[in-house]
Amino acid sequence: MSARKKTYTLAQLNHSLERFIRDNFAYKQFWVIAEITKAQEKNGHYYLELADSKEGKRIAEMSANMWFSAFTQVNRRLNGELTKLFQSGNKVLLQVKIDFHTIYGLKLNILDVDPDMTYGDLERKKKETIKRLQTEELINKQLDLYLAPVIKKIALIGSPNTSGFRDFQTQLLENEIFNNFKIKAFPAAVQGEKAVTQIVNAIAEANLYNVDVIVIVRGGGSKMDLHVFNDYQMAKAIAKSAIPVITGIGHETDESVADIVAHISEITPTAVAKFLYVRAAVFRSNIETSFDQIIKIVQGIISGRKDEFYHLNKYLGHYTKDILVNHQQQLKDIIHEIYIESRELLDAERSRLRLQLNKIGHEALNKIELKKNLDLSSKMDKIEMFASSLMDQNRVKVANLNDLLAYLNPEELLRKGYTISTVDDHELNNLEGDFKGKKMRTLSHKWLVESEIINVKPSK
Amino acid sequence: MELDKNLKYDEALEKLQEIVTLLERKEITIDELSGKVKEAKLLVEFCREKLDETEDEIKKIIKTDQED
Amino acid sequence: MELDKNLKYDEALEKLQEIVTLLERKEITIDELSGKVKEAKLLVEFCREKLDETEDEIKKIIKTDQED
Amino acid sequence: MELDKNLKYDEALEKLQEIVTLLERKEITIDELSGKVKEAKLLVEFCREKLDETEDEIKKIIKTDQED
Amino acid sequence: MELDKNLKYDEALEKLQEIVTLLERKEITIDELSGKVKEAKLLVEFCREKLDETEDEIKKIIKTDQED
Amino acid sequence: MELDKNLKYDEALEKLQEIVTLLERKEITIDELSGKVKEAKLLVEFCREKLDETEDEIKKIIKTDQED
Amino acid sequence: MELDKNLKYDEALEKLQEIVTLLERKEITIDELSGKVKEAKLLVEFCREKLDETEDEIKKIIKTDQED
């Protein structure tokens with residue numbers, strides 16, 4: 001440090017730098033991507049702190065500003081979105097030129113802004129948040145909570161001066177369908193840097209009260225405003241709320257992360273109010289309908305029973321009469337059958353008698369016929385036969401005697417010349433002993449001779 | 001010689017038999033001989049007539065029966 | 001010859017049988033023969049009449065019944 | 001011939017049957033025959049009367065019923 | 001003939017059926033016939049009375065019911 | 001005959017139904033008939049009262065509801 | 001019959017609807033009927049009261065589990 005050195009004043013150095021930068025960069029413009037770490041507005045001018053990070057480490061920083069005229073022009077082109085783009089945390093694509101001021105140092109002067117870059121970045125961030133919530137199992141956590149069919153105590157989180165906040169209350173308390181609600185407001189900014197913190201706090205606060213539901217409302221706004229509701233911290237607070245959260249944060253197309261995480265999300269605060277009073281009304285109507293239904297069915301059952309009863313009673317009479325008539329008929333049938341059977345029996349008996357008598361007559365006549373044919377005729381035949389036999393026999397007998405007579409008749413022998421001689425009427429041949437000297441009579445055909453036996457000697 | 005009109009067939013037949021027996025036995029005397037023979041002949045005729053009569057009668061009886 | 005009017009059919013039939021038996025056994029003389037045959041004839045007629053009478057009676061009974 | 005007035009139908013019928021059996025077995029003489037047939041006729045008539053009486057009674061009983 | 005006053009309808013009906021069966025099977029003599037028919041008639045009358053009584057009772061019951 | 005005071009409507013109805021079925025099928029004797037009808041009548045009254053009571057109670061409930 | 005004071009809206013509705021279903025399915029006896037209607041009435045009244053009653057102010061409560 002003791003050596004004589006060429007020295008400059010700071011002003012000289014800064015002037016030199018100023019010159020250098022002006023000479024080299026004054027007319028050059030660059031499109032730069034950076035993240036806004038801080039944004040501030042003063043008298044219509046915007047002052048931003050930009051940074052660039054790599055793997056969580058900051059590797060570049062620079063301040064930037066946008067003068068009122070440029071801002072107004074660009075903001076008009078972007079439909080007022082520019083203020084929303086200039087929010088810390090946003091990644092932005094800026095057209096800048098480099099400025100060096102001897103007092104304020106190096107700065108970027110913003111000439112133009114390309115919002116698409118930021119939007120894309122926001123979308124990416126939203127996706128990352130959703131993914132994280134999913135990983136942490138927070139995304140559907142609210143759905144585990146019980147949402148009563150009738151919600152009467154409501155914690156309302158929102159900005160009290162916004163139309164959304166007022167609309168919600170008006171709808172809820174002044175509709176003609178159901179308005180028996182109690183609302184406790186938990187004011188919180190719904191846009192801007194403080195919004196997330198305030199809403200997170202409001203949710204925590206509301207959880208300490210005996211409310212049925214937490215309603216977060218916002219009266220509509222820009223795309224960049226909505227980005228607040230994509231915040232991870234807020235989503236986490238909603239997811240972890242022990243009380244069901246209903247969102248009505250007024251948007252047209254894009255659903256915010258808060259909507260996704262909430263138990264129920266409606267498009268507008270009015271819609272949330274309607275949801276709540278309709279829910280109560282539906283419940284009431286269900287109750288009444290059920291009761292009416294019960295009454296109707298019960299009346300139906302009773303009248304059905306009465307009908308059933310009427311019929312049973314009628315059948316009772318009918319069937320009883322039927323039975324009695326049946327029995328009367330049965331008795332009549334029995335008597336008739338008895339009559340028929342009796343007559344049959346009598347008729348059968350009559351035929352039997354006739355048959356018997358016929359049989360008797362037939363047998364008797366048969367017997368007579370038999371007697372006539374067999375007895376009498378046969379006997380007569382026999383008599384004839386035996387008589388004839390007797391006659392024949394006698395004829396033979398007489399004939400035989402006649403023959404014998406003819407044979408024995410001596411007259412024929414006498415005629416032929418033989419004679420018959422007898423002694424004492426005995427034939428000679430029959431004589432025995434001495435009959436000499438006796439008188440013998442001899443008969444011939446012509447003569448009867450008497451003689452005395454002189455001599456007798458055997459003829460052979 | 002005449003036969004007794006009341007003579008019965010059986011008696012006649014008996015008599016005839018007797019005469020025939022007498023003739024067989026030659027127990028007839030020469031004096032009786034021609035009378036007996038004549039009587040026998042008469043008896044034969046008698047019997048025959050009787051038989052004929054009886055037969056006729058029977059035939060008549062039977063006939064009337066069969067005509068019934 | 002007359003038959004006892006009180007004679008029964010079976011008695012008559014018996015008598016008839018007796019005659020048959022008599023004839024069969026030839027225990028009858030020729031003299032009795034035609035008489036017996038006549039008697040038999042009478043008996044048969046008697047019996048037949050009896051049968052006819054009975055038949056008529058029966059027929060009458062049966063007939064009147066069938067006319068009922 | 002008269003039938004016992006106290007005779008029952010079945011007894012009468014039995015008697016009738018006996019007559020039939022008697023005739024079937026030919027255990028009857030001609031002399032009894034017409035008598036038996038006559039008896040049968042009487043029995044049949046008796047039975048018929050009984051049947052008619054019974055029928056009348058039944059008709060009377062049934063008639064009063066059917067007039068109800 | 002008298003019916004037991006304690007007789008039940010069904011018993012009476014059964015008895016009637018028995019009589020019918022008896023008649024159908026002809027297991028009855030002519031002598032019993034009119035008696036059985038008379039009995040049947042009594043049973044039928046008995047049954048009818050029972051039926052009439054029952055009908056009256058039921059009418060009374062049903063009537064009071066319909067007057068409600 | 002008395003009904004059990006603790007009898008339920010459905011039991012009573014079932015009993016009634018049984019009786020009606022019994023009657024419809026004619027599975028009942030004449031002797032039992034009037035008894036059964038009487039029982040049915042009691043059941044009918046019982047059921048009717050129960051129904052009327054129930055109806056009244058329900059009407060009362062509805063009425064008070066409509067007055068709200 | 002008393003309802004649990006802590007009964008929730010949807011429990012009440014559920015009970016009501018159960019009764020409807022029960023009735024629709026006719027799974028109810030007449031004996032239970034008025035009881036069920038009474039119960040339904042109580043449930044309805046309970047709900048109505050609950051709906052209409054003015055809520056107490058929303059106040060801070062101590063939630064021990066929130067402090068965890």
Side-chain angles (χ1 to χ4, degrees), chain A residues 146-156 173 177-186 203-215 240-243 277 279-306 308-309, chain G:
Chain A
Y146 165 78
L147 190 69
V150 175
I151 293 160
K152 290 171 74 180
K153 290 179 175 174
I154 297 155
L156 178 58
L173 301 178
I177 296 169
F178 187 87
N179 49 35
N180 187 15
F181 295 104
K182 246 332 184 257
I183 302 170
K184 181 170 178 60
F186 293 86
I203 290 169
E205 179 72 9
N207 263 282
L208 298 178
Y209 286 82
N210 62 338
V211 291
D212 299 323
V213 75
I214 295 169
V215 174
K240 286 197 158 178
S241 167
I243 294 165
Y277 70 70
R279 188 176 172 87
V282 164
F283 175 79
R284 184 195 290 266
S285 144
N286 279 345
I287 291 281
E288 299 295 343
T289 307
S290 294
F291 188 61
D292 286 349
Q293 226 172 328
I294 286 166
I295 296 300
K296 203 169 157 190
I297 294 169
V298 164
Q299 281 172 336
I301 288 173
I302 287 174
S303 91
R305 286 294 166 128
K306 280 191 166 173
E308 178 180 46
F309 219 71
Chain G
M1 197 167 69
E2 283 288 318
L3 290 176
D4 178 7
K5 282 290 168 198
N6 295 319
L7 192 68
K8 298 197 177 204
Y9 286 110
D10 41 6
E11 286 167 354
L13 184 62
E14 206 174 313
K15 274 172 190 259
L16 265 176
Q17 269 157 358
E18 274 169 23
I19 294 172
V20 171
T21 308
L22 212 65
L23 289 169
E24 274 175 346
R25 292 191 194 152
K26 317 246 180 258
E27 282 171 0
I28 195 165
T29 66
I30 292 294
D31 299 301
E32 297 163 320
L33 206 56
S34 77
K36 278 289 162 195
V37 174
K38 228 169 261 168
E39 190 187 341
K41 180 72 198 307
L42 278 173
L43 287 165
V44 167
E45 274 167 7
F46 172 82
C47 287
R48 281 176 185 155
E49 275 170 33
K50 223 172 185 278
L51 279 169
D52 294 339
E53 83 185 344
T54 311
E55 290 294 336
D56 295 335
E57 288 303 315
I58 294 172
K59 58 191 181 206
K60 211 160 186 173
I61 49 165
I62 294 152
K63 286 189 180 170
T64 52
D65 58 326
Q66 275 271 309
E67 285 164 355
D68 288 347

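Note on naming: letters A, B, ... go to the chains in the order of the sequence lines (proteins, then strands), and numbering restarts at 1 for each one.
Counting heavy atoms from C-beta outward, A:Leu208 and G:Ile61 have side chains that stay 4.5 Å or more apart. Counting heavy atoms from C-beta outward, A:Arg284 and G:Asp52 have side chains that approach closer than 4.5 Å.
Among the candidates G:Glu53, G:Gln17, G:Lys8, the residue making the largest number of heavy-atom pairs closer than 4.5 Å to chain A is G:Glu53. For the options G:Ile28, G:Leu23, G:Val37, G:Thr54, heavy-atom pairs under 4.5 Å to chain A are most numerous at G:Leu23. Highest contact tally toward chain G, considering only A:Glu205, A:Lys152, A:Lys184, is held by A:Lys152 [criterion: heavy-atom pairs under 4.5 Å].
In this structure, G:Leu51 CG and A:Phe283 CZ are separated by 6.0 Å, a value rounded to the nearest 0.5 Å. The CD atom of A:Gln293 sits 8.5 Å away from the OG1 atom of G:Thr21 when rounded to the nearest 0.5 Å. Annotation: the span from G:Lys50 atom NZ to A:Asn180 atom CG amounts to 12.0 Å, rounded to 0.5 Å. Expressed to the nearest 0.5 Å, how far CD1 of A:Ile287 lies from CG of G:Leu13 amounts to 4.5 Å. Here the OG1 atom belonging to G:Thr29 is positioned 8.0 Å from the CZ atom belonging to A:Arg305, to the nearest 0.5 angstrom. Note: A:Ile297 CD1 to G:Arg25 CZ = 11.5 Å, rounded to the nearest 0.5 Å.
By the ring-ring contact (aromatic ring centres under 6.0 Å, His included) test, G:Phe46 is found to be paired with no residue, residues two or more places apart in sequence or in another chain being considered.
Contact annotation for A:Phe178: only side-chain heavy atoms (C-beta onward) come within less than 4.5 Å of a heavy atom of chain G. For G:Lys59, the parts sitting under 4.5 Å from any heavy atom of chain A are the backbone and the side chain alike. Residue contact with chain A, scored on non-hydrogen atoms closer than 4.5 Å, involves the side chain of G:Ile30 exclusively. Heavy-atom distances place the backbone of A:Ile154, and not its side chain, under 4.5 Å from chain G. Contact annotation for G:Leu33: only side-chain heavy atoms (C-beta onward) come within less than 4.5 Å of a heavy atom of chain A. Of the two parts of G:Lys36, neither the backbone nor the side chain holds a non-hydrogen atom closer than 4.5 Å to a non-hydrogen atom of chain A.
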_Residues A:Glu288, G:Arg48; criterion salt bridge (Lys or Arg N to Asp or Glu O under 4.0 Å); working and verdict_ = CA-CA 9 Å; A:Glu288 299 295 343; G:Arg48 281 176 185 155; 2.6 Å; yes
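Nearest heavy-atom pair, G:Tyr9 versus A:Pro149, reported as atom, atom and distance to 0.1 Å: CB-CG, 3.4 Å.
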